[in-house]
Amino acid sequence: MKFKSIKGTKDILPDESYRWQFVEQTIRSVMHAFNYREIRTPVFEETALFARGIGELTDIVGKEMYTFLDRSGSSLTLKPEMTAAVMRSFIQNNLGEQQPLVKVYYIAPMFRQERPQAGRLRQFHQFGAEAIGASHPYIDAEIIVLSAEIYKALGIKNFEIKINSVGCEQCRPSYKDKLTKHLQSVYDKLSEESRKRFGQNPLRILDSKDENDRALTNDAPLMKDHLCEECSSHFSQLRSILTSLNIEYQIDGRIVRGLDYYTKTAYEIVSNDLGSQDALTGGGRYDLLVKELDGKQTPSVGFAAGIERALMAMEKQNLFSGEQFSPKIFIAAADSAGKDWAITQAMTFRQSGISCEIDFLERSLKSQMREADRQKAEFVIIIGENELRNGHVSVKNMKTGNQTIVMIKDLVNHFQYQEGKDEPGKKD
RNA sequence: GUGUCCAUAGUUCAGUUUGGUUAGAACGCCAGGUUGUGGCCCUGGAGGUCGUGGGUUCAAGUCCCACUGGACACCCCA
């Protein structure tokens with residue numbers, strides 16, 4: 001085997017693509033119900049966009065980006081996340097000047113050069129939404145509910161919504177001091193990893209999975225208890241809106257989003273069906289990002305969710321059975337006269353919107369029947385010289401095994417009628 | 001970037017511990033089972049440089065080393 005897909009990338013093969021189609025269709029329909037419109041941006045951007053937007057010190061920018069120089073020497077990067085790209089587009093195209101609140105969604109591939117593991121790939125796919133232009137917690141709530149509704153629509157059961165507030169430029173610095181002081185007292189006992197974080201981003205120590213670290217930080221001060229008045233009121237309003245919407249959530253003061261741009265609301269949706277990478281969704285508010293990217297300060301909220309992780313949860317919960325695409329009709333030809341007829345008739349069916357397959361491998365009638373069965377064709381038309389002479393064909397219903405005679409000239413009508421008769425009320 | 005485990009037909013795996021005749025199974029695939037008909041069943045068939053490259057040995061799928069790839073965990077996150 002000479003060529004292989006790149007480490008951490010995967011093919012989506014014909015046997016599984018219907019699952020992706022189902023997930024994507026469901027996402028679109030819920031997004032549309034909430035009146036979000038799709039935005040598509042290029043797969044790559046100027047490297048500096050991500051460096052500035054996501055934060056120079058984040059892991060994503062520091063060590064995970066697929067960055068390369070193009071032939072003119074420009075540094076480009078395959079997008080590791082979507083928010084910075086959406087904001088760039090928002091600013092570049094003056095979307096905020098056309099309407100005060102812009103609500104967009106996306107479904108797109110992302111790229112991060114990390115070590116692959118369960119639920120983590122180098123090319124992965126996210127869906128997400130951004131609501132740009134509103135600061136009221138109503139819109140934070142809408143974003144949270146929107147993401148949760150998508151999981152419900154997909155049939156995913158066991159997920160939890162965890163919310164927190166990470167404060168703002170006003171309250172975060174003084175909280176950080178308090179936290180740092182507290183952590184200094186236990187610094188010697190912290191894990192090596194956490195000690196490394198102490199210098200860079202002490203907030204993340206709260207997020208540590210190390211049991212000892214968690215115990216040591218049990219009584220550490222949490223951001224949510226040290227919010228300024230504005231942030232505190234925003235957070236409590238959000239909670240009561242969610243409650244009034246009957247959304248179950250937990251407050252988790254240890255949620256710290258890894259990207260620099262978050263302010264106020266931060267939330268995660270997690271599932272215990274995923275293994276170690278248990279986050280289905282991460283999101284929150286980022287009121288400073290547009291300005292950071294040289295736009296006019298614009299409050300924004302959004303979320304990003306992993307499609308592969310949603311699929312994992314669905315598989316774990318057995319939400320898929322053997323669905324596959326199958327043709328309505330397979331034409332099995334007994335002889336060469338039949339084959340000549342088959343290719344013409346197949347085109348007629350197809351042009352009438354009836355899916356149809358024929359044999360291309362010069363196989364025996366028996367083999368053609370086996371093929372029709374394997375493909376789960378609903379009906380098989382059997383055709384040969386006899387039928388051509390008499391102007392009718394045998395039509396076999398592969399589910400019941402019943403076989404009937406249909407005049408050749410009536411065939412298209414016959415199956416169009418079948419379509420309506422078999423699936424009353426069903427349309428699409 | 002670190003760690004643990006793994007790598008044999010299209011797929012899932014035996015065989016590796018105690019190196020030794022033509023490397024097996026199941027499923028899948030192909031063809032047949034009398035005259036033009038699927039699924040079940042029966043018969044036959046095709047298909048493997050045993051991840052790659054070195055080494056030890058009279059002899060390596062089996063032992064040793066390196067590399068590549070995979071799985072999972074750390075880290076981080078979707």
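A quick note: this is a predicted structure, and the numbers were derived from the prediction, not measured. In the text below, chain A, chain B and the rest are named by the order of the sequence lines, each starting its count at 1.
- By the ring-ring contact (aromatic ring centres under 6.0 Å, His included) test, A/His32 is found to be paired with A/Tyr105, residues two or more places apart in sequence or in another chain being considered.
- Which of B/rA78, B/rU37, B/rG69 sits closest to the side chain of A/Leu365 comes down to B/rU37.
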Checking salt bridge (Lys or Arg N to Asp or Glu O under 4.0 Å) for the pair A/Glu357/A/Arg350: CA distance, chi angles, key distance, verdict? CA-CA 9 Å; A/Glu357 183 59 290; A/Arg350 292 161 176 178; 3.6 Å; yes

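- Between the CZ atom of A/Arg389 and the P atom of B/rG36 there is a distance of 13 Å, rounded to whole Å.
- A donor-acceptor pair is defined here as one N or O able to donate and one able to accept, closer than 3.5 Å; no such pair exists between the side chain of A/Asp278 and the backbone of A/Leu274.
- Mapping A/Ser5 and A/Asp278 onto RNA chain B via the closest heavy atom, the residue that lands nearer the 5' end is A/Ser5.
- Between A/Leu274 atom CG and B/rC77 atom C1' the separation is 12 Å, expressed in whole Å.
- In this structure, A/Glu81 atom CD and B/rC76 atom P are separated by 18 Å, rounded to whole Å.
- Qualifying salt bridge (charged side-chain N to carboxylate O under 4.0 Å, His left out) partners for A/Arg37, counting only residues two or more places apart in sequence or in other chains: none.
- Among the heavy atoms of the strands, none lies under 4.0 Å from A/Ile307.
- A/Asn386 contributes a side-chain N or O that forms a donor-acceptor pair with the base of B/rG36 under 3.5 Å.
- The CZ atom of A/Arg122 sits 14 Å away from the C1' atom of B/rC76 (whole-angstrom rounding).
- Following rounding to the nearest Å, A/Ile382 (CD1) and B/rU35 (P) show an atom-to-atom distance of 14 Å.
- Heavy-atom contacts from other residues, nucleotides or ligands closer than 6.0 Å to CD1 of A/Ile12 number more than 12.
- Picking from B/rC75, B/rG32, B/rA73 the nucleotide with the shortest atom distance to the side chain of A/Lys63 gives B/rC75.
- Taking the side-chain contact (heavy atoms from CB on, under 4.5 Å) definition, one finds that A/Glu268 meets it with A/Ile255, A/Arg257, A/Val270, sequence neighbours left out.
- Within the nucleic acid shown, A/Gly8 comes within 4.0 Å of sugar-phosphate atoms alone, with no base atom in reach, counting heavy atoms only.
- Residues in residues 215-225 of chain A take part in these side-chain hydrogen bond (donor to acceptor under 3.5 Å, both in side chains) pairs, two or more places apart or across chains: A/Thr217-A/Arg254.
- You'll find a donor-acceptor pair under 3.5 Å spanning the side chain of A/Gln117 and the base of B/rC75, going by distance alone.
- Within 6.0 Å of the CZ atom in A/Phe68, the count of heavy atoms belonging to other residues, nucleotides or ligands exceeds 12.
- OP1 or OP2 of B/rA31 has at least one side-chain nitrogen or oxygen of A/Ser367 nearer than 4.0 Å.
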Could you go over nucleotides 1-3 of chain B and give all protein N or O partners under 3.5 Å, atom names and distances?
| unit_1 | atom_1 | unit_2 | atom_2 | d |
| --- | --- | --- | --- | --- |
| B/rU2 | O4 | A/Arg115 | NH1 | 3.0 |
| B/rG3 | O6 | A/Arg115 | NH2 | 3.4 |

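- Remark: RNA chain B forms stems of 3 or more consecutive Watson-Crick or G-U wobble pairs, all pair distances under 3.5 Å, at B:1-7 with B:68-74, B:10-13 with B:24-27, B:29-33 with B:41-45, B:51-55 with B:63-67.
- OP1 or OP2 of B/rC74 lies within a sub-4.0 Å distance of a side-chain N or O belonging to A/Ser276.
- Counting to the nearest Å, the C1' atom of B/rC30 and the CD atom of A/Gln368 are 15 Å from each other.
- Here A/Arg52 pairs with A/Asp294 under the salt bridge (charged side-chain N to carboxylate O under 4.0 Å, His left out) rule; sequence neighbours left out.
- Evaluation of the ring-ring contact (aromatic ring centres under 6.0 Å, His included) rule for A/Phe22 yields no partner, not counting sequence neighbours.
- Remark: P of B/rC77 and CG of A/Leu206 are 13 Å apart, rounded to the nearest angstrom.
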Please report, to 0.1 Å, the donor-acceptor pairs under 3.5 Å made by any side chain of residues 116-124 of chain A, with sequence neighbours excluded.
| unit_1 | atom_1 | unit_2 | atom_2 | d |
| --- | --- | --- | --- | --- |
| A/Gln117 | OE1 | A/Arg120 | NH2 | 3.1 |
| A/Arg120 | NE | A/Arg115 | O | 3.0 |
| A/Arg120 | NH1 | A/Glu114 | OE1 | 3.2 |
| A/Arg120 | NH2 | A/Arg115 | O | 3.0 |
| A/Arg122 | NE | A/Glu114 | O | 2.7 |
| A/Arg122 | NH2 | A/Glu114 | O | 3.3 |

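- Of the residues in residues 26-37 of chain A, not one comes within less than 4.0 Å of RNA chain B through any heavy atom.
- When the side-chain nitrogen and oxygen atoms of A/Arg363 are compared with OP1 and OP2 of B/rA31, none of them lie within a distance under 4.0 Å.
- One distance of note links CZ of A/Phe330 with CZ of A/Phe379; it measures 15.5 Å at 0.5 Å rounding.
- Computed from coordinates, the A/Arg197 CZ to B/rC77 P distance equals 9 Å when rounded to whole Å.
- Residues A/Arg40 and A/Glu38 are paired through a salt bridge, judged by an N-O separation under 4.0 Å between the basic side chain and the carboxylate.
- At most 12 heavy atoms of other shown residues, nucleotides or ligands fall within 6.0 angstrom of atom CD in A/Glu46.
- Checked against salt bridge (charged side-chain N to carboxylate O under 4.0 Å, His left out), A/Lys376 has no partners two or more places apart in sequence or in another chain.
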Contact string for nucleotides 38-43 of chain B, one letter per nucleotide 5' to 3', B = base within protein heavy-atom range under 4.0 Å, S = sugar-phosphate only, - = neither, reads BB----

